[in-house]
Amino acid sequence: MKPAAFDYHRPDSLEEAVTLLAELGDDAKVIAGGQSLMPMLAMRLAAVDHLVDLRRVGELQGVVDRGDALWIGAGTTQAAIQRSADIDAAVPLLTRSTPLIGHFQIRNRGTLGGSVAHADAAGEYPAVALTLDAEIEASSVRGRRAIPAGDFFSGWWTTALEPDEVLTGVAFPRWHGRSGFAIEEFARRHGDYAIAGATVAVELDDDDRVRRCSIGLFGLAPQVERAAAAEAALVGTVAGDVRADEVGETAVSGLDSVPSDLHGPAEYRTRVGAAMVARAWEKALQEARNG
Ligand SMILES: Cc1cc2nc3c(=O)[nH]c(=O)nc-3n(C[C@H](O)[C@H](O)[C@H](O)COP(=O)(O)OP(=O)(O)OC[C@H]3O[C@@H](n4cnc5c(N)ncnc54)[C@H](O)[C@@H]3O)c2cc1C
C-alpha cells in the first residue's frame with residue numbers, strides 16, 4: 001500500500017524544524033530514518049498532513065564527550081553507533097544492543113532518536129536508555145529541556161515528548177570502576193522484535209559486593225521497565241552468593257501488564273523474561289569481576 005498524500009518539508013536547521021512544528025501543529029510529524037514511521041504510513045496505521053524530514057538538521061548529529069556522560073545526537077544512525085569506538089568505550093551496552101535491532105538495512109537508516117521517540121515496548125535502545133538513567137534532550141520554540149529516561153516512557157508507543165518537540169540527543173552517563181553490562185533477548189527469528197529481553201548493568205566494590213545495579217526489561221509491559229525490587233535486593237549483597245535464576249524470578253515478579261499476543265501468552269513471556277534477566281546478570285557479573 002501507499003501512504004495517504006502529505007506535504008513534505010526538509011528544514012536545514014533545528015530552528016527551522018521547531019518553527020515548522022510550531023506552525024503546523026498536530027497535523028505534522030517528524031521523520032528521521034523512516035524505518036518505523038514509513039511502514040505505519042504505508043499501511044495507513046498513521047496519517048499526517050505534513051512530514052518534517054530531520055535528515056539535514058546538523059544539530060542532531062555528532063557524539064560529544066561531556067566527561068560524566070556521552071551525548072549522542074538523535075540523528076545518529078544505528079549503524080554509526082555500531083561502528084563507533086568512542087561509543088563502545090563509554091556506553092558498551094548501547095553498542096552490544098545494536099546488532100539485535102532488525103537487520104543491517106534497517107540499522108543503516110534507523111536512528112537513535114527515532115528508536116527512543118518511537119518507544120516500542122520491545123525496543124532495545126529505550127531499554128538501554130532506561131537502564132543507564134540516560135537523559136533525553138528535546139527542543140521546541142519554547143526552549144530546550146532534558147527528560148530523565150525514567151520519566152520519558154509512559155505507555156504503548158507513548159512518551160513525554162510534546163508534539164512540537166524534536167528529540168535532539170541522548171546523554172548516557174558513564175559507569176566507572178568494576179562494571180559489567182549485558183543484554184539478552186529472545187526473538188522467534190533474528191531481526192524480529194524480541195518476545196522478551198533484559199539489560200543489566202552492575203558495579204562491584206573491591207570485596208565483590210554489588211555497589212550498584214540496574215535491570216531493564218523489554219517486551220514485558222506496555223513500555224520498557226526497570227526491575228526496581230530486584231535491583232534493591234541485589235545492592236550490598238556479595239555477588240558470589242547471588243543465584244542468577246532468583247534474580248530473574250524477582251525481576252519479573254512485580255510485572256502486572258505483560259502482553260499476550262500471537263507470539264505467546266503473558267505467562268510464557270514472563271518465563272522467558274526471567275531467563276533473559278538471569279543470563280544477562282551472569283554475563284554482566286562476569287565482566288564486572290574481570291574488570
Ligand atoms: C523489519 C523491521 C524490524 C525492526 N526490528 C526492530 C528491533 O528488533 N528493535 C527495535 O528497537 N527496532 C526495530 N525496528 C525499528 C527500527 O529500529 C526503527 O529504525 C526505529 O524504531 C525508528 O527509528 P527511525 O529513525 O527509523 O524513526 P522514524 O521511523 O523516522 O520515526 C519513528 C517515530 O519517531 C518519531 N521521531 C523520529 N525522530 C524523532 C526526533 N528526533 N524527535 C522527535 N520524534 C522523532 C517520528 O515522528 C515517528 O513517530 C524494526 C523495523 C523494521 C522495519
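Throughout, residue positions are numbered sequentially from 1 according to the sequence presented. Counting starts at 1 for both ligands and their atoms, in listed order.
- Between His118 and Trp157, the angle of the ring planes lies from 30° to 60°, which puts this pair in the tilted group.
- Note that the CZ atom of Phe218 and the CD atom of Glu124 stand 5.0 Å from one another [nearest 0.5 Å].
- Looking at Arg96 and Glu185, no side-chain N of the basic residue comes within less than 4.0 Å of a carboxylate O on the acidic one, giving no salt bridge.
- Less than 4.0 angstrom separates some heavy atom of Gln35 from each of these atoms of ligand 1: 18 (C), 19 (O), 26 (O), 29 (O), 51 (C), 53 (C).
- If you check each of Tyr193, Trp157, Phe218 against atom 12 (N) of ligand 1, the one with the closest non-hydrogen atom is Tyr193.
- Selection from Val166, Ile106, Asp53, Val128 by nearest heavy atom to atom 3 (C) of ligand 1 gives Ile106.
- Between Glu165 and ligand 1, not a single N/O pair is under 3.5 Å apart.
- Counted within 6.0 Å of CZ on Arg109, heavy atoms from surrounding residues, nucleotides or ligands total 12 or fewer; the atom is thus considered open.
- For Gly33, a nitrogen or oxygen atom sits less than 3.5 Å from a nitrogen or oxygen atom of ligand 1, counting backbone and side chain alike.
- Looking at Glu124 next to ligand 1, an N or O pair under 3.5 Å apart turns up.
- Inclusion of Met38 in the set of residues having an N or O under 3.5 Å from an N or O of ligand 1 is not warranted.
- Considering backbone and side-chain atoms alike, Thr111 places an N or O below 3.5 Å from some N or O of ligand 1.
- The shortest N/O to N/O separation between Leu37 and ligand 1 falls below 3.5 Å.
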